[in-house]
Amino acid sequence: MDLGKVKITLIPNGPARIECEEAEIVMLDGSSKSKSGSFSLCRCGQSKKKPFCDGTHNTCGWEG
Ligand code: FES
């Protein structure tokens, strides 16, 4: 398995921005989703599209 290079940038008071050629995200129910390019993972815990960021961090007052 070639994992390649992945860049993860933590955005202040926001998500973790992932930049990669290709990623497989294994969900809690065992299903998986493929992503490529860049996408954001929620860190605030308030997204309605977890594990992905939906922008809710901008209005929920989370700091981190
Ligand atoms: S970090 Fe964006 S919705 Fe949680």
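Every number for a ligand or one of its atoms is a count from 1 in the order of the listing. Heavy-atom basis, side chains included; hydrogens, waters and symmetry copies ignored. Since the model is a prediction, treat every value here as computed from it, not as a measurement.
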| query | Do the side chain of R43 and the main chain of C53 share a donor and acceptor less than 3.5 angstrom apart? | reply | no
| field | Neighbouring protein N, O or S atoms of atom 4 (Fe) of ligand 1, below 2.8 Å | value | 2
| query | Is the shortest heavy-atom distance from the side chain of M27 to the side chain of K33 under 4.5 Å? | reply | yes
| request: List in chain and number order the residues that pass side-chain contact (heavy atoms from CB on, under 4.5 Å) with E19, two or more places apart in sequence or in another chain; answer none if no residue qualifies. | output: K7, T9, S38
| said: Is the terminal nitrogen or CZ of K35 (NZ for Lys, CZ for Arg) located under 6.0 angstrom from the six-membered ring centre of F52 and within 45° of that ring's axis? | reply: yes
| said: Among residues at least two apart in sequence or on other chains, which ones pass side-chain contact (heavy atoms from CB on, under 4.5 Å) with S36? | reply: none
| query | Can you list the residues that meet the side-chain contact (heavy atoms from CB on, under 4.5 Å) rule with C42, with sequence neighbours excluded? | reply | C44, S47
